[in-house]
2 protein chains.
Amino acid sequence: MKNDPAENQESIKAIPEPTLRRLPIYYQLLKSRLNAGSSEISCTTIADALHLTAIQVRKDLEITEASGKPKVGYNIKELIAAIENFLGWNSKSEAFLVGAGNLGSALIGYQGFKEYGLMIIAAFDNNPAKINTSVYGKRIFDIKKLSDMVRRMKVSIGILTVPAQYAQESANLMTEAGIRAIWNFSPTKIICRPDIVVQHENLACSLAVLSKKISEVAARRIS
Amino acid sequence: MKNDPAENQESIKAIPEPTLRRLPIYYQLLKSRLNAGSSEISCTTIADALHLTAIQVRKDLEITEASGKPKVGYNIKELIAAIENFLGWNSKSEAFLVGAGNLGSALIGYQGFKEYGLMIIAAFDNNPAKINTSVYGKRIFDIKKLSDMVRRMKVSIGILTVPAQYAQESANLMTEAGIRAIWNFSPTKIICRPDIVVQHENLACSLAVLSKKISEVAARRIS
DNA sequence: CCTTAATAGATAAACTTATATCTATAAAAT
DNA sequence: ATTTTATAGATATAAGTTTATCTATTAAGG
Ligand SMILES: NC(=O)c1ccc[n+]([C@@H]2O[C@H](COP(=O)([O-])OP(=O)(O)OC[C@H]3O[C@@H](n4cnc5c(N)ncnc54)[C@H](O)[C@@H]3O)[C@@H](O)[C@H]2O)c1
Ligand SMILES: NC(=O)c1ccc[n+]([C@@H]2O[C@H](COP(=O)([O-])OP(=O)(O)OC[C@H]3O[C@@H](n4cnc5c(N)ncnc54)[C@H](O)[C@@H]3O)[C@@H](O)[C@H]2O)c1
């Protein structure tokens with residue numbers, strides 16, 4: 001029911017999310033190897049460097065439709081291009097940020113997103129003290145202007161960095177304005193229409209994993 | 001081989017990571033419902049609020065050994081306590097942060113980690129301009145002092161926010177100093193000894209998922 | 001040129017996680 | 001008191017993901 005075969009006429013085989021999450025890790029390694037002067041790399045080499053299995057690396061790369069040669073491996077440049085193409089990182093996408101606070105400012109100033117084609121072009125806030133100021137050369141606008149500007153500039157990605165209690169209302173505002181994808185950094189789950197893409201970046205979730213691993217390791221050390 | 005039954009004598013049934021990652025989401029909801037005056041909550045209610053299935057919620061909560069009553073559900077306070085206890089969030093843990101830059105400063109200033117028992121007590125950097133200054137009341141020390149201070153203060157958690165190319169060497173420094181768990185925010189995978197807990201917080205991985213979802217939705221809209 | 005070895009690609013099995021079904025229980029309604 | 005109903009808890013099934021095995025290919029070595 002979830003993956004209705006009728007829905008995907010042209011063999012859009014559902015992409016495993018774990019695979020998707022590993023692609024940027026390969027991507028980063030490939031770029032650093034390319035900088036180091038290599039031109040080819042095998043699954044075995046990638047797997048060894050990242051402490052994964054060669055089989056998994058091969059299966060992951062398969063979905064990008066990159067193709068390698070036996071005894072040699074993949075051409076690094078080609079593989080980088082294949083990943084970029086697969087993830088849509090070879091085309092620029094513009095984003096608005098809502099909540100120009102502590103974390104929001106760090107994200108605005110971060111140059112690393114460019115590498116993945118993501119450009120934060122402006123920020124919005126409801127704090128009069130912040131409105132019409134700039135952070136790292138990016139203007140902070142009144143949140144009331146969001147709707148107009150989304151429509152006018154056709155921005156489809158929103159980065160949400162407001163306090164948890166305002167996250168849902170801000171998300172609603174964004175989607176009503178025409179934002180189609182939200183990257184949410186607040187520690188609360190936001191619920192949006194099914195046609196809206198929502199990616200939750202909840203640090204508390206990671207911390208839970210970290211905390212539990214720590215207590216497990218501690219328990220193992222005692223026994 | 002991975003889950004050797006001989007290793008876990010006392011029925012340490014491996015905890016699914018997806019479950020672990022959902023617990024903080026329940027936790028946040030429970031706290032907000034408690035503040036709103038509720039005292040009991042059922043799986044069905046939780047599931048509806050978070051767009052999950054009641055079965056999944058019930059299975060997740062099961063591992064915290066919380067127990068509910070038919071027709072009523074769980075006592076919210078008890079459930080919160082059960083989650084805190086399960087994740088070890090009821091005891092304080094101290095952390096050092098390495099790389100007091102843009103993102104590092106945001107994390108240092110973030111008050112939200114307290115709720116999960118995590119306290120960033122000091123930061124370290126190798127930039128002379130930053131050493132011996134303070135950020136949000138937290139002192140930034142010379143990275144050379146890390147080893148000494150880890151030993152002296154018995155800090156076991158390290159938060160890593162240096163640029164990618166220095167991530168591995170910083171991680172090595174941290175583990176050699178005695179740090180036992182690393183929360184890595186750089187977009188590169190770090191490899192540590194097996195007894196070191198490493199949690200990767202790679203935004204590029206999330207962005208990959210977001211990017212792909214966007215292109216999928218776009219494709220669906222056309223067809 | 002032939003053999004060897006490393007590797008990509010394809011297929012199959014094992015494992016993990018999510019979903020569905022069934023049963024027992026306790027609160028509320030009759 | 002009895003019936004109904006919503007729910008927790010237990011068990012079973014299905015789906016998704018990882019790991020293993022097999023086959024084909026191609027570069028390198030003899
Ligand atoms: N700072 C961190 O390191 C960190 C870490 C993890 C999670 N987070 C989460 O990220 C979010 C932001 O954290 P922060 O530390 O930057 O907080 P912050 O208070 O520094 O920033 C929040 C900003 O949002 C603005 N804001 C509030 N309500 C708004 C609204 N309705 N519309 C528009 N703007 C609004 C505020 O004016 C402020 O500038 C929070 O949800 C927090 O839990 C932050
Ligand atoms: N800023 C963001 O929003 C953001 C987003 C995603 C990922 N990241 C990642 O987080 C990391 C930090 O990003 P940032 O924007 O804060 O960068 P930054 O340059 O502002 O901060 C890095 C800090 O690390 C210090 N440093 C460098 N090498 C060091 C070493 N060997 N030992 C100790 N300190 C050292 C620098 O002096 C600097 O203060 C990077 O890996 C970046 O890719 C940042």
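Chain letters run A, B, ... following the sequence lines, proteins first, then strands; residues in each count from 1.
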Atom pairs, N/O to N/O, protein against nucleotides 21-27 of chain D, distance under 3.5 Å?
none

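- Rounded to an integer number of Å, the gap from CG of Asp60(B) to P of dT19(C) is 10 Å.
- In terms of modelled atom types and a separation under 3.5 Å, the side chain of Asn184(B) and the main chain of Thr188(B) share a donor-acceptor contact.
- A close approach under 4.0 Å does not occur between any side-chain nitrogen or oxygen of Thr53(B) and OP1 or OP2 of dA18(C).
- In this structure, Thr64(A) contributes its side chain and Ala66(A) its backbone to a donor-acceptor pair below 3.5 Å.
- With dG9(C), dT18(D), dT7(C) as the choices, the nucleotide that has an atom nearest any side-chain atom of Lys59(A) turns out to be dT18(D).
- For the residue pair Tyr27(B) / Glu84(B), a side-chain donor-acceptor distance below 3.5 Å is found, with atom types taken as modelled.
- For dA6(C), the OP1/OP2 oxygens have no side-chain nitrogen or oxygen of Ser42(A) closer than 4.0 Å.
- By the 6.0 Å and 45° rule, Lys69(B) does not stack over the aromatic ring of Tyr74(B).
- Counting to the nearest Å, the C1' atom of dA8(D) and the OH atom of Tyr74(B) are 6 Å from each other.
- Distance CZ (Arg21(B)) to P (dA18(C)): 12 Å, rounded to an integer number of Å.
- When distances are taken from the side chain of Gln56(B) to each of dG9(C), dT18(D), dT19(C), the shortest belongs to dT19(C).
- Protein atom CD1 of Ile63(A) is 14 Å distant from nucleotide atom P of dG9(C), rounded to whole Å.
- Rounding to whole angstrom units, CG of residue Leu20(A) and C1' of dT17(D) are separated by 14 Å.
- A donor-acceptor pair under 3.5 Å links the side-chain atoms of Gln111(A) to the main chain of Gly109(A), judged by distance alone.
- Listed nucleotides dA10(D), dA18(C), dA8(D) differ in distance to Cys43(B); the shortest reach to its side chain belongs to dA8(D).
- Distance Asn75(B) CG to dA27(C) C1': 16 Å, rounded to the nearest Å.
- In this structure, Ile46(B) places its CD1 atom 11 Å from P of dT7(D), rounding to the nearest Å.
- Between atom CD1 of residue Ile120(B) and atom CD1 of residue Ile157(B) there is a gap of 10.0 Å, rounded to the nearest 0.5 Å.
- Side-chain atoms of Thr19(A) lie closest to dT18(D) of the nucleotides dA18(C), dA10(C), dT18(D).
- Rounded to an integer number of Å, the gap from CD1 of Ile15(A) to P of dT18(D) is 14 Å.
- If you look at Trp183(A) and Phe113(A), their ring centroids are closer than 6.0 Å.
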